Amino acid sequence: MSIYEKILASVQPDDRKYWTWQHKLATRLIEVMGEQKLNQKQLAEKTGLTEAQVTALIQSNANPTLRVLARISQRLGTDLIEMNFVVRKTQDL
Amino acid sequence: MEIKIKLWRRGIVVLYAIECDGVVLVDQFLEKLYHLNPSIAQQLVTFIEYLLTLEYISPDRLRFEMSPGIYAMYKHNGILSNPISYCPARLLCCYLGSKATTMLIGSGGLKTKNVSIQQWPELLKDALFISKVARQVETRLDFGVVGIDSSGVLVVSDVDELTFEL
């Protein structure tokens, strides 16, 4: 087993999911910036975030709340993420 | 010092393993990084795994040197806060790239804002080492501080403006 594989195997599943979500969010945000031709400063102004917060998002170093994600999505006019919560029917609960 | 570049591929991701005097440094880099900060090493491999899932990679996503992880490694090495500290781990650099984009990882030794690189023999050594590597992979070092111009000269920007003749 290579060092790479050993390190990968040492990653806790929830950490891996969390970091991957961060990367996906960052990737999507960068895509939207490209589509709307926004730089980081313009994105910050449009979403009400600080530039530091935008930088953190893009660098996969942020853990934004659902409220913040909702605000960003609303102000950019596009969803950054798809929220497919699993909601059971009442009789299943 | 003999330097060879060997490709280490995983799907669309390419790590340019740097073999220095017969020692492949990419494994050393990961191992050293894991020793210094396991979480950052884990994030790096997770990021690579994530890259493998993408149909394309935005060049912006490859600005890995700006990530808190790698930057934390710089701090760990005391580059900014305690410039006397010198960590050989800074030599353990590797490249993460895809298609036309290639990025250098782990060359924190060049990233100093307070001290002229010429006053640091170790940094100068690193710079020359990296410039040789960059020339061999025919790429440019693009982390906002160091670049290779069209003539293959290493240019350090930011506060220091230095050119190294190869």
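Every value quoted in this text rests on a predicted model; they were computed, and no experiment measured them. Chain letters run A, B, ... following the sequence lines, proteins first, then strands; residues in each count from 1.
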Flag if over 12 foreign heavy atoms under 6.0 Å of NZ, K24(A): no

message: Working to the nearest 0.5 angstrom, can you tell me the gap between T46(B) OG1 and K17(A) NZ?
response: 12.5 Å

- prompt: Just wondering, more than 12 heavy atoms not from Q74(A) lying within 6.0 Å of its CD?
  reply: no

- line: The reported gap from CZ in R16(A) to CD in Q42(B) (rounded to nearest 0.5 angstrom) is 11.0 Å

- request: Write out all pairs satisfying salt bridge (charged side-chain N to carboxylate O under 4.0 Å, His left out) with one or both partners inside residues 59-77 of chain A, taking only residues at least two apart or from two chains.
  value: none

task: Starting at CD of Q43(B), measure out to CD1 of I7(A) and round the result to the nearest 0.5 Å.
output: 12.5 Å

query: Which residues pass the salt bridge (charged side-chain N to carboxylate O under 4.0 Å, His left out) test with R28(A), sequence neighbours left out?
result: E31(A), E35(A)

